[in-house]
Amino acid sequence: MPLEIIQVLNTLSGALFVFLILAFIFLSWALNYHWNRYEISITRTHLIKKVYFIVSGILLLVLLILFLNFK
Amino acid sequence: MITLFKDEEIILIQRRHWLPFFSKSISLLFLAILPFIIFALSQALPQNIQIIFLNYSNYYFFFTFSLIFILWLIFVVLWTNYYLDFILITNKRIIDVEQFNLFKRDESELRFEDVEDIKVEISGIIPSLFKFGNINIQSAGETREIILKNIPDPYKIKDLVAHQIEKNKELKK
């Protein structure tokens, strides 16, 4: 594989990974605010949060493994 | 946050119809599956292109999972907008909560004594098939009009509101 392409892909993927983490943190804060403030049922809010953080966690873990794999 | 009056009771919490949300979710699902379909189809391409796909497969799957993660976040935002968008009918008023996005939310309310006219509007093939539509409530109060959009079974809601208006009138007599 040409070295320049690999360098560009490494930089791009690194920047994308950081962007995704930041987007996740910001959105989690915004979503939590909405769920806590406007949801009517508290038990359902807990379930929503659980599902959101478990799925996001799994996806981020897969991304991290893939990211470390080509680093 | 909605605060009820002392002697106020919730009669119905009605969310919008699921179909508009479902159609958006299906598009997101299709976009999430698409990179895997492209990867599978790449096996049928000439060998030199296959080699490129295989050489860069780590990067390909990293970008694919990044896309899936972004689509997942979009899905959660769409779901939150759908879930926090509802109408609340109490024994005193109708509260319409519209969640446009995470940074735009609109709450309007109408007391039953101010209601002048209620109209139901179902237009289009899909709303007719799935029985959802808009309820247009005209009022004499400060809020001139409330349009409750994409409400499932709007005639039932209209009847319920009409019944509550009558009940309120009888109580005042």
Side-chain angles (χ1 to χ4, degrees), chain A residues 1-45 47-71, chain B residues 1-4 10-15 28-29 32 35-36 39 48 51-90 95-107:
Chain A
M1 284 194 282
L3 200 66
E4 301 85 49
I5 295 178
I6 291 175
Q7 277 177 341
V8 169
L9 285 174
N10 280 346
T11 315
L12 262 177
S13 47
L16 182 63
F17 193 61
V18 171
F19 167 77
L20 289 177
I21 299 268
L22 292 176
F24 172 68
I25 291 167
F26 174 70
L27 266 177
S28 300
W29 167 77
L31 287 168
N32 253 306
Y33 172 82
H34 278 78
W35 292 333
N36 290 335
R37 195 173 162 84
Y38 302 122
E39 166 61 300
I40 296 164
S41 151
I42 295 165
T43 46
R44 210 177 280 174
T45 312
L47 181 73
I48 293 163
K49 280 183 192 172
K50 247 186 219 171
V51 172
Y52 170 69
F53 283 110
I54 288 172
V55 176
S56 302
I58 291 169
L59 286 172
L60 279 174
L61 191 70
V62 172
L63 276 173
L64 183 70
I65 292 166
L66 287 167
F67 184 67
L68 294 174
N69 199 27
F70 56 72
K71 273 281 162 187
Chain B
M1 214 156 139
I2 297 158
T3 316
L4 297 179
I10 294 173
I11 293 168
L12 180 80
I13 299 169
Q14 181 65 62
R15 295 209 154 74
L28 294 180
L29 184 68
F36 296 103
F39 192 79
N48 53 343
I51 289 167
I52 294 172
F53 262 95
L54 288 174
N55 280 344
Y56 293 98
S57 61
N58 276 348
Y59 294 100
Y60 185 82
F61 283 110
F62 177 80
F63 288 113
T64 297
F65 273 92
S66 301
L67 174 75
I68 291 171
F69 187 65
I70 291 168
L71 293 173
W72 162 249
L73 293 180
I74 294 171
F75 171 78
V76 177
V77 171
L78 285 177
W79 185 84
T80 303
N81 289 344
Y82 163 75
Y83 191 68
L84 299 179
D85 197 337
F86 57 86
I87 60 164
L88 193 74
I89 299 174
T90 73
I95 303 163
D96 179 33
V97 182
E98 272 195 85
Q99 183 81 35
F100 296 99
N101 55 51
L102 286 185
F103 303 99
K104 194 177 178 202
R105 187 180 163 90
D106 189 28
E107 274 183 29

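Hydrogens, waters and symmetry mates play no part in the numbers below; they use all other heavy atoms, side chains included. By convention in this document, chain letters (A, B, ...) are assigned in the order of the sequence lines, proteins followed by strands, and residues within each chain are numbered from 1.
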Max heavy-atom pair count under 4.5 Å with chain A, selected residue of B/Phe61, B/Phe69, B/Trp79:
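Top count of heavy-atom pairs under 4.5 Å with chain A: B/Phe69.
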
Other residues, nucleotides and ligands only: do more than 12 of their heavy atoms fall within 6.0 Å of CZ on B/Phe36?
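Above 12, so yes.
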
What part of [X] gets closer than 4.5 Å to chain B, counting heavy atoms only: side chain, backbone, both or neither?
X: A/Leu27; answer: side chain
X: A/Ser28; answer: neither
X: A/Ile65; answer: neither
X: A/Leu20; answer: both

Counting heavy-atom pairs under 4.5 Å to chain B, which of A/Val51, A/Val62, A/Val55 comes out on top?
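Highest number of pairs under 4.5 Å: A/Val55.
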
My understanding is that only residues two or more places apart in sequence, or in another chain, count here; which of them pass side-chain contact (heavy atoms from CB on, under 4.5 Å) with B/Lys104?
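side-chain contact (heavy atoms from CB on, under 4.5 Å) list for B/Lys104, sorted by chain: B/Phe100, B/Asn101.
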
Do you know which of B/Leu88, B/Ile13, B/Ile89 makes side chain to side chain contact (heavy atoms under 4.5 Å, CB included) with B/Ile95?
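Checked B/Leu88, B/Ile13, B/Ile89 against B/Ile95; only one passes side chain to side chain contact (heavy atoms under 4.5 Å, CB included): B/Leu88.
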
Compute both the distance and the angle, then confirm whether B/Arg15 meets the cation-pi test with B/Tyr83: under 6.0 Å from the six-membered ring centre, within 45 degrees of the axis.
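Yes, a cation-pi geometry.
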
Salt bridge (charged side-chain N to carboxylate O under 4.0 Å, His left out) pairs, two or more places apart, involving residues 67-90 of chain B:
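Qualifying pairs: B/Arg16-B/Asp85.
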
